[in-house]
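Remarks on the structure that follows.
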Amino acid sequence: MKKRLAANTKIADVSYQEAALIGQRLLTWYEEKKRDLPWRRTRDPYKIWVSEVMLQQTRVETVIPYWERFIDKFPTIQALAHAPEEEVLKAWEGLGYYSRARNLQAAVREVEERYGGQVPDTLEEISSLPGVGSYTAGAVLSIAYDVDVPAVDGNVLRVLARLFLIEQDIMKQRVRKRFEELAEFLIPPGRAASFNQALMELGATVCIPKVPRCPQCPLQSLCRAYAEGMQEELPVKGKKKPPRPVDLVTGIVRSGDRVLIVKRPLQGLLAGMWEFPSLEINERVTIEENLQSLFDRLGQRIEVETFFAKVEHTFSHIHWNLHAYLCKPILPLVPETEEMRWVNVYELHQYAFPVAHTKLIQALNGMV
DNA sequence: TAATCGTGGGC
DNA sequence: TGCCCAAGATT
């Protein structure tokens, strides 16, 4: 029995009857129309968990090949827990949001130590794992363990905002909390696994962000936004700032067939990834001096040879202008450390690089 | 609360 | 071409 009507949540008025109808239509539609995705062919909580983490802010088509390779390489919690971190990061290369990979491995290690290798099946325990927030906890619990908890992602926010004509800003955390209560109220008892996925599937394939396919929607006759012709105006989202420009100077130091690469700090942007030594440009001095300053810090004397390439790359919040120069080391070469390696140009592919630097590697391989 | 944290696809 | 955005979490 439901403790509380969504009517009391101040976000939408929904009767039990309407909720039941939505559930029936959605479940029927889902059974008929659901896509055949690889992680829907397993009940292994670990594999489902991996898929949910990869799918965070990432398209299904992008994730599929990554998930296949990742599960192939790390088929169990134990395999992932005992793998070198470098290997995990390499498997994640190109997916973005690399802290997801680091958190996932940390979480899996915790599962092995604290929960005997079994993914916990309570909201409190699974939510305490690093990288497992409200959505991922709900998704894994409902899909893998059939627990009746909501899993509210961007799709669900959009579907519910339209279905109930909710005009509050979905970017606000307080509003999301309300959506979770609403989503929970809608779950047909015992059917959270299919219902949560149905809600997401509808958002991904029918109730899409722009020009929703309302004629194909099983909920059209129940949709308050559609009734008002408001479907394209919802959901309401706050606007985001444009990316901040950052100018970087990058030194590609070659000694024979080897190149100097450095590892980024384990916190912050592109944490733990390898790159060619780079430094935010100090506009008050010359490029030459910026490069000298960069390699002073690394303990490597160099001589600047020529300009190599300019690479632009835009992140969600930063726009990189990367000015790359070829440099010649003045002996002796700095010794290798944990964060600094001399690597054969043809072996750079063994290291995980951000996309901005893979562009440089391509140019380098084309040249050598 | 508002920032931070990536990337590739679609229009 | 530039911009929006996609199965979010953390601080």
Side-chain angles (χ1 to χ4, degrees), chain A residues 34-35 37-40 48-67 89 92-104 106-107 126-144 150-160 169-177 179-180 183 193 195-205 207-211 232 235 237-244 246 264-273 275 312-320 352-359:
Chain A
K34 67 180 174 189
R35 292 168 290 178
L37 304 175
W39 44 87
R40 287 182 176 162
I48 291 169
W49 179 12
V50 171
S51 77
E52 292 303 339
V53 174
M54 286 187 170
L55 285 163
Q56 291 168 9
Q57 300 290 285
T58 312
R59 286 184 159 76
V60 167
E61 311 80 62
T62 304
V63 167
I64 290 174
Y66 277 92
W67 185 84
L89 198 57
W92 210 271
E93 181 183 38
L95 258 188
Y97 289 143
Y98 300 98
S99 67
R100 291 184 295 175
R102 191 180 310 283
N103 283 335
L104 180 59
I126 200 170
S127 298
S128 74
L129 297 169
V132 179
S134 175
Y135 165 74
T136 305
V140 174
L141 277 192
S142 61
I143 297 171
V152 176
D153 70 339
N155 288 311
V156 176
L157 289 170
R158 184 170 57 254
V159 170
L160 295 183
D169 184 353
I170 61 166
M171 300 304 282
K172 294 190 185 297
Q173 208 159 21
R174 185 173 301 159
V175 174
R176 293 196 182 201
K177 198 85 179 158
F179 274 86
E180 289 186 350
F195 180 77
N196 287 345
Q197 292 186 83
L199 222 37
M200 292 188 273
E201 190 82 350
L202 189 73
T205 62
C207 196
I208 53 183
K210 40 171 160 179
V211 197
E232 306 218 12
K237 298 174 79 169
K239 4 181 161 156
K240 47 202 151 184
K241 291 189 189 172
R244 159 178 61 95
V246 171
R264 294 180 62 90
L266 299 182
Q267 299 283 334
L269 185 69
L270 302 167
M273 302 202 80
E275 66 178 8
E312 292 191 46
H313 188 77
T314 307
F315 305 90
S316 335
H317 55 302
I318 298 173
H319 180 85
W320 268 5
F353 283 88
V355 166
H357 286 260
T358 63
K359 293 174 185 172

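- No donor-acceptor contact under 3.5 angstrom links the side chains of A:Arg100 and A:Thr136, judged on distance only.
- Protein atom CZ of A:Phe353 is 17 Å distant from nucleotide atom C1' of B:dG6, rounded to whole Å.
- Put simply, CZ on A:Phe195 and CD on A:Glu201 are 13.5 Å apart, with the number rounded to the nearest 0.5 Å.
- Residue A:Trp67 is out of contact with every strand shown, counting any heavy-atom pair closer than 4.0 Å.
- A:Arg35 comes within contact range of at least one nucleobase, with a heavy-atom separation under 4.0 Å.
- We find that CG of A:Leu95 is positioned 17 Å from P of C:dA6, with the value rounded to whole Å.
- Per the geometry, CG belonging to A:Leu266 stands 14 Å off P belonging to B:dC5, to the nearest Å.
- To the nearest 0.5 Å, atom CG of residue A:Asn155 and atom CG of residue A:Leu202 are 9.0 Å apart.
- Contacts of A:Arg158 with the nucleic acid, taken as non-hydrogen atoms under 4.0 Å apart, involve only primed sugar atoms and P, OP1 or OP2.
- Using a 4.0 Å heavy-atom cutoff across all strands shown, A:Leu37 reaches at least one base atom of the nucleic acid.
- Within 4.0 Å of A:Gly268, counting heavy atoms only, lie sugar-phosphate atoms of the nucleic acid but no base atom.
- Comparing B:dA3, C:dA7, B:dC5 against the side chain of A:Glu52 picks out C:dA7 as the nearest.
- Here the straight-line distance linking atom NZ of A:Lys241 with atom NE2 of A:His317 works out to 11.5 Å at 0.5 Å rounding.
- Side-chain atoms of A:Ser51 never come within 3.5 Å of backbone atoms of A:Trp49 as a donor-acceptor pair (strictly under, hydrogens ignored).
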Apply side-chain contact (heavy atoms from CB on, under 4.5 Å) to A:Trp39 and A:Val63, showing your working. CA-CA 11 Å; A:Trp39 44 87; A:Val63 167; 3.8 Å; yes
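- Comparing B:dG8 with C:dA9, their P atoms sit 22 Å apart, to the nearest whole Å.
- Side chain of A:Ala204, nearest nucleotide from C:dA7, B:dA3, B:dC5: C:dA7.
- A close approach under 4.0 Å does occur between a side-chain nitrogen or oxygen of A:Arg174 and OP1 or OP2 of B:dT1.
- Nearest nucleotide to the A:Ser316 side chain, out of C:dA7, B:dT7, B:dG6: B:dG6.
- Closest approach to the A:Leu270 side chain among B:dA2, C:dA7, B:dG6 is made by B:dG6 (side chain taken as heavy atoms from C-beta onward).
- Using modelled atom types, one finds a donor on one side chain and an acceptor on the other under 3.5 Å when comparing A:Glu52 with A:Tyr135.
- Between the CD atom in A:Glu275 and the NE2 atom in A:His357 there is a gap of 4.0 Å [rounded to 0.5 Å].
- Dashed line: the shortest gap from a side-chain N or O of A:Gln57 to OP1 or OP2 of C:dG8 is under 4.0 Å.
- Residues passing the side chain to side chain donor-acceptor pair (under 3.5 Å) test with A:Glu93 are A:Lys90, sequence neighbours excluded.
- Atom CG in A:Leu157 sits roughly 11 Å away from atom C1' in C:dA7 (whole-Å rounding).
- With P as the reference atom, C:dA7 and B:dT4 are 24 Å apart, rounded to whole Å.
- Atom CG in A:Leu269 sits 10.0 Å away from atom OH in A:Tyr98 (nearest 0.5 Å).
- For A:Tyr97 and B:dT4, the shortest distance from a side-chain N or O to OP1 or OP2 is not below 4.0 Å.
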Check: protein-nucleotides 8-11 of chain B nitrogen or oxygen pairs below 3.5 Å:
{"from": "B:dG8", "atom 1": "N2", "to": "A:Arg59", "atom 2": "NH1", "distance (Å)": "2.3"}

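- At whole-Å resolution of the value, NZ in A:Lys237 and P in B:dA2 are 15 Å apart.
- An OP1 or OP2 oxygen of B:dT4 is reached within less than 4.0 angstrom by no side-chain nitrogen or oxygen of A:His317.
- For A:Met171 and C:dC4, the CE to C1' distance is 12 Å, given to the nearest whole Å.
- The separation between A:Ile64 atom CD1 and C:dA6 atom C1' is 14 Å, rounded to whole Å.
- Remark: C1' of B:dC5 and NE2 of A:His319 are 18 Å apart, rounded to the nearest angstrom.
- Separating the CZ atom in A:Arg174 from the CG atom in A:Asp169 is a distance of 12.0 Å, to the nearest 0.5 Å.
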Atom pairs, N/O to N/O, protein against nucleotides 9-11 of chain C, distance under 3.5 Å?
{"from": "C:dA9", "atom 1": "OP1", "to": "A:Gly133", "atom 2": "N", "distance (Å)": "3.1"}
{"from": "C:dA9", "atom 1": "OP1", "to": "A:Thr136", "atom 2": "N", "distance (Å)": "2.9"}
{"from": "C:dA9", "atom 1": "OP1", "to": "A:Thr136", "atom 2": "OG1", "distance (Å)": "2.7"}
{"from": "C:dA9", "atom 1": "OP2", "to": "A:Tyr135", "atom 2": "N", "distance (Å)": "3.4"}
{"from": "C:dT10", "atom 1": "OP1", "to": "A:Gly131", "atom 2": "N", "distance (Å)": "2.4"}

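- Proximity of A:Arg244 to the phosphate of B:dA3: no side-chain N or O atom is located under 4.0 Å from OP1 or OP2.
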